[in-house]
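Accompanying notes for the structure given below.
Naming: A, B, ... by sequence-line order, numbering from 1 per chain.
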Number of protein chains: 2
Amino acid sequence: MPWRNGTGPPWIHGKFQGCGYRLTMPRQVIMDVLSQTSEHLSAEDIYLAVHKIYPAIGLTTVYRTLEILVQMGLVFKFDFGDGRARYELSEGPKSIGHHHHLVCSGCGRIIDYTDFIDDEVELLKKTEKGLSKKYNFKITNHLIQFYGLCDKCQ
Amino acid sequence: MPWRNGTGPPWIHGKFQGCGYRLTMPRQVIMDVLSQTSEHLSAEDIYLAVHKIYPAIGLTTVYRTLEILVQMGLVFKFDFGDGRARYELSEGPKSIGHHHHLVCSGCGRIIDYTDFIDDEVELLKKTEKGLSKKYNFKITNHLIQFYGLCDKCQ
DNA sequence: TATTTATTGATAATGGTTTTCATTATTAAT
DNA sequence: ATTAATAATGAAAACCATTATCAATAAATA
Ligand SMILES: [Mn+2]
Ligand SMILES: [Mn+2]
Ligand SMILES: [Zn+2]
Ligand SMILES: [Zn+2]
């Protein structure tokens, strides 16, 4: 369920302030665009979408905002191997929570999956604990992707 | 144990021919460089290392060769988020087989780990089977990375 | 109000990777 | 062996996603 036009959920504002940032119009609109898609948009994709709502925005601001959002943990940044970064809201959209990706080497299609996530997460927890201890490495995040060919490409 | 100078294991030659490629001197030397390190080299790293042995080589050839090696499955290409691709022989070196990575967000250090690989691989097998069926997706490869802070950076 | 600070967008620069193209090496055919 | 076709190479130029610069504007603070 998208938030009402251009506002976003209330806690976002506090989150921004808490990190010493201002929740400006460009930033709100970028969040809105991300919250209303289930695709994995590039910076330019986002720029084009935002531009329709807020024509004054510049591509530079999109990049800068995305950097902030990633750093705040609101957005994930991915590399699927097509030469440009892709971004995804870390919460949602539409209650699609934490998930991993299937990446088609043929056509570049990205499939979100949440199947087996429970088993995966359980193992990840265990693995993280072991690795943290052995290497004294503080794990904050993980990346899991499967590569192969989608139904149309094999 | 590195192969003797500039030759590589015998089966490599056949592998190249089988894919319609010639095993030339630049390609051999690039393979040698990759086989004699446990680091995750960038194209330029490889270029510089190869250049000492084979000064006539160009960076272009390094890129082209790496593309071929990746496509043949002899080399893995990684993105650890530092803006350049990194390459690693898929076999070895020194009998370090299949492994995953810890990536330090602080200093960029990469740690290879094989711990828990057995459990992971077991789960991956199961997951792959399930995903292949549900999405009719033919999985050929997977990527697992943990991000966080190494001992020196936390 | 005056002053500081953060944000923005146009433009230019950066830098890893790809393309182009003429040359050379290798293979196949004669 | 000679010749003809094909593959591989390297220098240079082009590409293109991302970053840095900088002057202008908006917001927060004193
Ligand atoms: Mn996704
Ligand atoms: Mn490795
Ligand atoms: Zn596909
Ligand atoms: Zn570190």
Side-chain angles (χ1 to χ4, degrees), chain A residues 6 12-31 33 40-72 75-87 108, chain B residues 6 8 12-31 33 40-72 74-87 108:
Chain A
I12 288 282
H13 197 268
K15 176 91 181 178
F16 266 81
Q17 288 192 333
C19 294
Y21 297 118
R22 299 173 189 163
L23 183 47
T24 62
M25 185 62 63
R27 287 170 182 176
Q28 284 182 48
V29 180
I30 288 171
M31 283 293 284
V33 164
H40 306 85
L41 303 179
S42 67
E44 192 181 8
D45 290 337
I46 295 166
Y47 165 73
L48 292 173
V50 170
H51 192 265
K52 293 177 186 167
I53 307 166
Y54 190 97
I57 201 167
L59 181 55
T60 310
T61 298
V62 173
Y63 275 106
R64 273 190 297 234
T65 301
L66 287 171
E67 189 182 358
I68 288 174
L69 293 174
V70 168
Q71 182 231 313
M72 289 195 303
V75 165
F76 288 133
K77 180 180 183 179
F78 290 101
D79 168 52
F80 294 127
D82 66 341
R84 69 200 60 194
R86 306 240 160 217
Y87 301 86
Chain B
I12 288 282
H13 196 269
K15 176 92 182 177
F16 266 81
Q17 288 192 334
C19 295
Y21 297 119
R22 299 172 188 165
L23 184 47
T24 62
M25 186 62 60
R27 289 170 181 176
Q28 284 182 49
V29 180
I30 289 171
M31 284 294 283
V33 165
H40 306 87
L41 303 178
S42 67
E44 192 181 7
D45 291 337
I46 295 166
Y47 165 72
L48 291 173
V50 169
H51 192 265
K52 293 177 186 167
I53 306 166
Y54 190 98
I57 201 168
L59 181 55
T60 311
T61 297
V62 173
Y63 274 106
R64 273 189 295 232
T65 301
L66 287 170
E67 189 182 356
I68 287 174
L69 293 174
V70 168
Q71 184 230 313
M72 289 195 303
L74 294 173
V75 164
F76 289 133
K77 180 180 184 179
F78 290 101
D79 168 51
F80 293 127
D82 66 341
R84 70 201 60 193
R86 305 241 161 218
Y87 301 86

Exercise for the section: With the side chain counted from C-beta on, respond yes when A:L69 and A:I30 share a heavy-atom pair under 4.5 Å apart, and no when they do not. Expected result: yes
Exercise for the section: Answer yes or no: does a side-chain N or O of A:T61 lie under 4.0 Å from OP1 or OP2 of C:dT8? Expected result: no
Completion exercise
Here the distance between atom P of C:dA10 and atom NE2 of A:H51, to the nearest Å, is 8 Å
Handout entry: Side-chain N,O (B:Y63) to OP1/OP2 (C:dT17) below 4.0 Å
Key = yes
Practice task
Hey, could you give me each pair passing side-chain hydrogen bond (donor to acceptor under 3.5 Å, both in side chains) that has a residue in residues 13-27 of chain B? Not counting sequence neighbours.
Solution key: B:Y21-B:Q71
Exercise for the section: Using the test ring-ring contact (aromatic ring centres under 6.0 Å, His included), find all partners of B:Y47 that sit at least two apart in sequence or belong to another chain. Expected result: B:H51
Problem - Audit row: B:F16, B:L74, side chain to side chain contact (heavy atoms under 4.5 Å, CB included) steps and yes/no - result: CA-CA 10 Å; B:F16 266 81; B:L74 294 173; 4.2 Å; yes
Fill in the blank from the handout: Sorted by chain and residue number, the side-chain hydrogen bond (donor to acceptor under 3.5 Å, both in side chains) partners of A:S42 (sequence neighbours excluded) come out as A:D45
Problem - Proximity to DNA chain D (any heavy atom under 4.0 Å), residues of residues 75-86 of chain B only - result: none
N/O contacts under 3.5 Å, protein versus nucleotides 3-7 of chain D?
residue : atom : partner : partner atom : Å
D:dA7   : O4'  : B:R22   : NH1          : 3.4
D:dA7   : O4'  : B:R22   : NH2          : 2.9

With 3.5 Å as the limit, what N/O pairs link the protein to nucleotides 11-13 of chain D?
residue : atom : partner : partner atom : Å
D:dA12  : N6   : B:T60   : OG1          : 3.3

Practice task
Would you kindly give the CG-to-C1' distance between A:L41 and D:dA17, to the nearest whole Å?
Solution key: 16 Å
Problem - Spatial distance of atom CZ (B:R86) from atom CG (B:L66) [nearest 0.5 Å] - result: 12.5 Å
Handout entry: Rounded interatomic separation in angstrom, taking CD1 from A:I46 and P from D:dT18
Key = 10 Å
Practice task
Could you walk me through whether B:M31 and B:L23 pass side chain to side chain contact (heavy atoms under 4.5 Å, CB included), step by step?
Solution key: CA-CA 10 Å; B:M31 284 294 283; B:L23 184 47; 5.5 Å; no
Completion exercise
Hits for side chain to side chain contact (heavy atoms under 4.5 Å, CB included) against A:A85, two or more places apart or cross-chain, chain-then-number order -> A:K77, A:Y87
Practice task
Using the side chain to side chain contact (heavy atoms under 4.5 Å, CB included) rule, take A:I57 and A:V29 through it: C-alpha gap first, then chi angles, then the decisive distance, then the call.
Solution key: CA-CA 10 Å; A:I57 201 167; A:V29 180; 6.0 Å; no
Exercise for the section: Return the set of residues passing salt bridge (Lys or Arg N to Asp or Glu O under 4.0 Å) with B:D79 (not counting sequence neighbours), or none when no residue passes. Expected result: none
Exercise for the section: Calculate the interatomic distance between B:I30 atom CD1 and D:dT9 atom P; express it in whole Å. Expected result: 8 Å
Practice task
Mind checking ring-ring contact (aromatic ring centres under 6.0 Å, His included) for B:F78 and listing every partner two or more places apart, or none if nothing turns up?
Solution key: B:F80, B:H101
Exercise for the section: In whole angstrom, give the distance that lies between atom CG of A:L66 and atom P of D:dA17. Expected result: 15 Å
Problem - Interatomic distance where OH belongs to A:Y54 and C1' belongs to D:dA26 [whole Å] - result: 10 Å
Practice task
Mind calculating the distance between CD (B:Q17) and C1' (C:dT26) to the nearest angstrom?
Solution key: 12 Å
